[in-house]
Amino acid sequence: MKNIVLTGFMGSGKTTIGKLIAEKLDIELIDTDSEVIKEFSMTIDKIFEVHGEKKFREVETRVIERVSKLENVVISTGGGVVLNPENVKLLRENGVIYFLYASAESILKRLKDDDTRPLLKSGDKLSNIIKLLNMRMPFYKNCDFEINTDILTPELAAEKIISIHLAKESKR
Ligand code: S3P
């Protein structure tokens, strides 16, 4: 089976929905943020602080190079992965990319007490979310399927992705 690759903004539910899909299909979940954390042995926040975003992105791409070679897994990506066309190209080789859409308002609701996202730390959270989300939307839209998480529970979003994916697989 081709990999199920989940993309979307921070707080769009990639990890939660990824876990549900992996459980339901009894396959492995790879989380690119967790892989980067393992490489540095420090939190994302600390990586940004000590090494900077550029270094984080380099290691993130190295992780993508490695995990995109796998098959039959769910890959939950960090919210900035799709900004690099090389990452998208690699992930598409063995996978189908699902964009988890969430509105700025629901992202704020989900992340209002979160302080683990370095890109949303300074200034007004909602305006940072709106600015980044607008800038990134064309990159997220360049995926294979879009799932609106504002109108679906994580459970239903997971089921929808599974049914799209299995239907697509049966036609291969
Ligand atoms: C980022 C999203 C984060 C993490 C890092 C940068 C981004 O992952 O990779 O803080 O650029 O959107 P999540 O989307 O899992 O929060």
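The chain is numbered in sequence order, starting from 1. Note that ligands are numbered from 1 as they come in the structure, with each ligand's atoms numbered from 1 the same way.
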* To do: Using modelled atom types only, decide if a donor and an acceptor are shared between the side chain of E71 and the backbone of N94 within a distance under 3.5 Å.
  => no
* Asked: Are K14 and D31 ion-paired here, with the side-chain N under 4.0 Å from a carboxylate O?
  -> no
* Structure fact -> min-distance protein heavy atom vs atom 9 (O) of ligand 1 -> D33 OD1, 2.6 Å
* **Test of proximity, F56 against ligand 1: N or O pairs below 3.5 Å** => no
* Closest protein heavy atom to atom 12 (O) of ligand 1, given as residue, atom name and distance to 0.1 Å -> R136 NH1, 2.6 Å
* Asked: Mind checking whether R57 has an N or O less than 3.5 Å away from an N or O of ligand 1?
  -> yes
* Sub-4.0 Å atoms of ligand 1 with respect to non-hydrogen atoms of L119 -> 7 (C), 11 (O)
* Ligand-residue contact atoms, ligand 1 with P118, heavy atoms, under 4.0 Å -> 10 (O)
* Beyond-backbone contact of H51 with V59, side-chain heavy atoms, under 4.5 angstrom -> no
* To do: Using only heavy-atom distances, determine whether the side chains of D45 and T43 contain a donor-acceptor pair under 3.5 Å.
  => no
* Asked: Is the closest heavy-atom distance from E53 to ligand 1 below 4.0 Å?
  -> no
* Polar side-chain atom of K125 near backbone of L111 as donor-acceptor pair, under 3.5 Å -> yes
* For atom 16 (O) of ligand 1, find the nearest protein heavy atom and state the residue, atom name and distance (0.1 Å precision). => R117 NE, 2.8 Å
* Asked: Can we say K54 and E58 salt-bridge, meaning some charged N sits less than 4.0 Å from an Asp/Glu carboxylate O?
  -> yes
* Has K121 got any heavy atom lying under 4.0 angstrom from an atom of ligand 1? -> no
* Structure fact -> The closest protein heavy-atom partner of atom 5 (C) of ligand 1 is I44 CG2, 3.8 Å
* Asked: Among side-chain atoms of T149 and R110, is any donor-acceptor pair under 3.5 angstrom?
  -> yes
